[in-house]
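Before any comments, here is the structure.
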Amino acid sequence: MEFTAEIKKATEPIYKKISKAIPEIEWSVHAPYIYEINKLKKKKNAVILAHNYQTPEIYHGISDFSADSLALAIEAANTKADIIVMCGVHFMAETAKLMSPDKKVLLPDMRAGCSLSASITGEDVRNLKKKYPNVPVVSYVNTSADVKAETDVCCTSANAVKIVNSLGANKVIFLPDDYLAKYVASQTDVEIISWKGTCEVHEKFTDTEINEIRENNPNIKVIAHPECPPDVIKASDFAGSTSGMIKYVKDNQPKKVMMVTECSMSDNIQIDNPNVEFIRPCNLCPHMKRITLPKILDCLKKETNEIIMSEEIIKRARKSVERMAEVGR
Ligand code: 13P
Ligand code: SF4
């Protein structure tokens, strides 16, 4: 696509904002897509929802709403748009469809999965329920609709402890993230039965890496996502969902910070926090990175890659997400 003078002028305000994250040469490739996508989404009354791990040209260039998975689910329920384009992974698009079943939900690349979501099936949950009868099931939102359909209430990293406590039970099955389960167990008296799922991005971080960075950067603040191993959380100053981490940086304005999470977060947040120095440990989520501007334009143009689910699954899975939304953050 050609980077014409008209496109250059029309996209200049966006580039001004993100020029620190994107070199000029790269901008000439992104800008024509950003221009076309922004035009097309207005014409089609489409909304673009983007997870915090999307790259800066998506996060700052075309997204109408960028957030963590809880806020994306709530926004999907409230939007007045006819089409939702989910710039995130498959379970996020499915969750949007559950919350807005009458809307067309598109995912620019259907292969954008998640190691946590892939770690468990609906059948696995049915077997667990047989093994632990009458024990409520809490599932992380990073699960398929089939798993959500077997779940009493969903949670995200932003509200996991609150959801578990809200059940008033002395035992809870908590799926599928083993590390998040350990984190929740450390924050509550409820007995937690966990599953062996992990996030392939966050499990790579180690406390040794954090301690080395602390030695070389005195006074650095280290903030981690709860999907990290427990040792990493212990070695950090704060743990929270992706939006919780962003809020921490915004509110505290540390001189130096290390975000122990997916790479693009630091790139995106640096733009709004120019006085904060980000030390970047770089672990990429290969699934999130499948979403690109050309794929977004193509799927919006042709309205392909639509999320389709049976009415029965929608009805059952939706209940667990609605219960989560009622409890809130
Ligand atoms: P958040 O809900 O914190 O945005 O996390 C989603 C996710 O996939 C993190 O790896
Ligand atoms: Fe899944 Fe981890 Fe990627 Fe998040 S970062 S989408 S949990 S694989």
Side-chain angles (χ1 to χ4, degrees), residues 49-55 58-59 63 65-76 86-96 99 107-120 138-144 147-148 153-163 174-184 195-205 223-229 232-233 236 238-249 259-269 281-291 321 324-325 327-329:
L49 306 185
H51 185 260
N52 289 324
Y53 293 162
Q54 292 295 297
T55 47
I58 295 173
Y59 185 96
S63 159
F65 185 78
S66 306
D68 63 4
S69 32
L70 175 58
L72 290 177
I74 295 169
E75 184 65 18
M86 179 56 75
C87 296
V89 294
H90 195 270
F91 77 81
M92 293 176 181
E94 271 193 346
T95 309
M99 300 311 277
L107 178 65
D109 189 326
M110 286 299 207
R111 296 167 305 167
C114 167
S115 64
L116 278 170
S117 179
S119 74
I120 190 160
V138 176
S139 292
Y140 196 28
V141 76
N142 295 38
T143 45
S144 65
V147 167
K148 288 188 178 83
V153 53
C154 278
C155 74
T156 73
S157 57
N159 61 13
V161 178
K162 196 171 170 191
I163 297 276
F174 187 94
L175 311 169
D177 187 347
D178 194 28
Y179 291 150
L180 185 62
K182 287 197 168 81
Y183 173 73
V184 172
W195 186 255
K196 283 284 167 213
T198 51
C199 160
E200 66 186 83
V201 177
H202 291 94
E203 72 178 349
K204 288 194 191 116
F205 294 108
I223 62 178
H225 195 276
E227 286 166 14
C228 291
V232 171
I233 307 270
S236 305
F238 171 82
S241 76
T242 54
S243 290
M245 295 169 85
I246 294 172
K247 189 174 179 323
Y248 179 96
V249 173
M259 284 191 158
V260 191
T261 191
E262 214 267 356
C263 293
S264 294
M265 273 269 287
S266 299
D267 297 337
N268 291 331
I269 305 322
C282 203
N283 285 346
L284 277 175
C285 173
H287 311 289
M288 289 280 179
K289 299 290 107 97
R290 283 192 185 276
I291 309 300
V321 183
M324 164 180 84
V327 180
R329 262 180 209 278

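Throughout, numbering of the chain's residues begins at 1 and tracks the sequence. The figures that follow rest on heavy atoms only: side chains count, while hydrogens, waters and symmetry mates do not. Remember, it's 1-based here, ligands and their atoms both numbered in the order they're listed.
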- Given the rule in the side-chain hydrogen bond (donor to acceptor under 3.5 Å, both in side chains) test, do Y53 and T261 qualify, once you have shown the distances and angles that lead to the verdict? CA-CA 9 Å; Y53 293 162; T261 191; 2.6 Å; yes

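- If you number the atoms of ligand 1 from 1 as listed, the ones under 4.0 Å from a heavy atom of E227 come out as 7 (C), 9 (C), 10 (O).
- Between S241 and ligand 1, no pair of N/O atoms sits closer than 3.5 Å.
- At least one side-chain heavy atom of T242 sits under 4.5 Å from a side-chain heavy atom of H225.
- Considering every non-hydrogen atom in both Y140 and P176, the closest pair reads CB-CD, 3.8 Å.
- Of all protein heavy atoms, the one lying nearest to atom 8 (O) of ligand 1 is N142 ND2, 3.3 Å.
- Per the SG-SG cut-off, C114 and C199 are not bridged by a disulfide [distance not under 2.5 Å].
- What you find for M324 and L70 is that their closest heavy atoms are CE-CD1, 3.5 Å.
- For ligand 1, the atoms sitting less than 4.0 Å from at least one non-hydrogen atom of Y53 are 9 (C), 10 (O), numbered in the order shown with element in parentheses.
- A heavy-atom separation below 4.0 Å is found between S157 and ligand 1.
- In this structure, T95 OG1 and I74 CD1 are separated by 12.0 Å, a value rounded to the nearest 0.5 Å.
- The number of protein N, O or S atoms lying under 2.8 Å from atom 1 (Fe) of ligand 2 is 1.
- Applying the 4.0 Å criterion to heavy atoms of H202 picks out, from ligand 1, the atoms 10 (O).
- Near D68, meaning under 4.0 Å from any of its heavy atoms, are these atoms of ligand 1: 1 (P), 2 (O), 4 (O).
- Closest non-hydrogen pair, A112 versus H287, comes out as CB-O, 3.5 Å.
- Residue, atom and distance of the protein heavy atom nearest to atom 5 (O) of ligand 1 are H225 NE2, 3.3 Å.
- At a heavy-atom distance under 4.0 Å, only side-chain atoms of H51, from C-beta outward, approach ligand 1.
- The shortest heavy-atom contact between S139 and V147 is OG-CG1, 3.8 Å.
- Within 6.0 Å of NZ in K247 there are 12 or fewer heavy atoms belonging to other residues, nucleotides or ligands.
- Minimum heavy-atom separation, N159 to T156: OD1-N, 2.7 Å.
- Heavy-atom contacts of Y53 reach the following atoms of ligand 2: 5 (S) (cutoff under 4.0 Å).
- Nearest heavy-atom pair, M86 versus L107, reported as atom, atom and distance to 0.1 Å: O-CD1, 3.4 Å.
- Counting heavy atoms closer than 4.0 Å to ligand 1, residue S69 contributes atoms from both its backbone and its side chain.
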